[in-house]
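To start, the structure itself, in structure tokens.
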Amino acid sequence: MELAVAMLLILLNLASWCVLSEGRLLVDMTLVSDASSIGAFCLDGSLPAYHLHRGFGAGASNWLLQFEGGGWCNDIQSCLDRAKTKHGSSLYMNKLEDFNGILSNDASLNPDFYNWNRVKLRYCDGGSFSGDAKFDNGTSVLYFRGQKIWEAMILDLLPKGLGNADKALLSGCSAGGLSSFLQCENFYRALPTNTSVKCLSDAGFFLDERDITLNYTMRTFFENLVSLQGIEKNLDKNCTSFLDNPKLCMFPQYFLNYMTTPFFILNTAYDVYQFHHALVPPSADMNGDWKRCKLSIASCTPQQLDILQGFRGDMLAALSSFLKDSTSGGMFINSCFAHCQSETQETWFALGSPSIQDKTIAGAVGDWYFSRNISKLIDCAYPCDASCHNILAQVS
């Protein structure tokens, strides 16, 4: 009898597509079986995938989609290497994904979105869900089909309830945060006109910034990415027709003012990824003068801190028009040395998590989405924020 009960419980867990393990919510992977019909493949030709945990109660008709992050590949060799990893092939992805932070189903940890349908969109194209090209030299084949993957996922989710959503939020972290910028308007157009659609980018406001040697390292990287993966045709048309170099429309700062869907920008003013790879990339620090500063902000010299404060100033300048003119936008720009703050419980909503004016990230995002309060918060410059103590030395 006990064995029969145990087997029944296992079956119930499988039927709900999730497993609770030591308080963690582990959600099973779903392959997008019809993706091949529109040519939507991961880099290696495998099917794309997502993880869906159903909403309940008052949130049963609301949807939150979260783009997975994980950098990019902007040349053939790096994409061939990536195709053999979880960020280039569903064959290598973990079949259970841990949902916490903004994806948590616990009201005490995620008060505004815990009972929504929550979806983690797995990242396997290396181009922030925006490319549409193919490489085939007779020996190796690579599919740069991020745009098609996005479309296939939406087509798969619409009949599962997304097509009848009352409320919807598109979010993402890092390269996934950039995806939120790039696909926000398409998300709005894919849903019914009576759906409340908004978008959130976490650590996705990548700046077109010179590095410490005055080279445009990040610009060159994105230009190569756009060319390789056939991204330009999928970038904002208002932006590409305005700029002499349309590839720059991969940077949100150049197309943000053309966006009409309500948007929330969550970023640190000292984003660790951009600090390490755009402002001080390895190519600009051959002697390792910044090594100790990168390991711990407390080890930075006064001159290095001045450069970091300059980066913060440039980010705020790039956001100034959005801050002043956007009537539907929200912001949370804090001064922690971190990268991605919505997916980790410690930074999203927990005792001692980062805050500005006593408002947590989860609180600010919730206030903005539900129009409870104006949510445009900018932290004072480092080192004034004591709430950053737990992530000051975080390394990307």
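Remember, it's a predicted structure, so these values are computed and weren't measured experimentally.
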Q. What is the minimum heavy-atom distance between S61 and D166, and which atoms define it?
A. OG-OD2, 2.5 Å
Q | T30 side chain to H51 side chain, donor-acceptor N/O pair below 3.5 angstrom | A | no
**Q.** Mutual orientation of the aromatic rings belonging to F205 and F181 [parallel < 30°, tilted 30-60°, perpendicular > 60°]
**A.** tilted
Q) Between D385 and S387, is any side-chain donor less than 3.5 angstrom from a side-chain acceptor? A) yes
Q) Mind checking what makes side-chain contact (heavy atoms from CB on, under 4.5 Å) contact with N100, not counting sequence neighbours? A) D98, Q345
Q.
When you compare the side chain of Y123 with that of D125, does any pair of heavy atoms fall below 4.5 Å?
A. yes
Q | Exceeds 12 heavy-atom contacts within 6.0 angstrom, atom NZ of K86 | A | no
**Q.** Donor-acceptor pair between S342 and D202 side chains, under 3.5 angstrom
**A.** yes
Q. Does anything in residues 211-224 pair up under salt bridge (charged side-chain N to carboxylate O under 4.0 Å, His left out), and if so which pairs, sequence neighbours excluded?
A. D208-R219
Compile the donor-acceptor pairs under 3.5 Å between side chains in residues 182-190 and protein atoms, sequence neighbours left out, one pair per line.
unit_1, atom_1, unit_2, atom_2, d
Q183, OE1, W150, NE1, 3.1
Q183, OE1, N186, ND2, 2.8
Q183, NE2, F129, O, 2.8
Q183, NE2, Q147, OE1, 2.8
E185, OE1, T260, N, 3.2
E185, OE1, T260, OG1, 2.9
E185, OE2, T261, N, 3.1
E185, OE2, T261, OG1, 2.8
N186, OD1, R189, NH2, 2.6

Q) Hey, are E209 and Q274 close enough side-chain-wise for a donor-acceptor pair under 3.5 Å? A) no
Q.
Between S108 and D106, do the side chains contain a donor N or O and an acceptor N or O under 3.5 Å apart?
A. yes
Q. How about D358: does its CG atom have over 12 heavy atoms from other parts shown lying under 6.0 Å from it?
A. no
Q) Can a donor-acceptor pair be found between the side chains of N115 and R54 at a distance below 3.5 Å? A) no
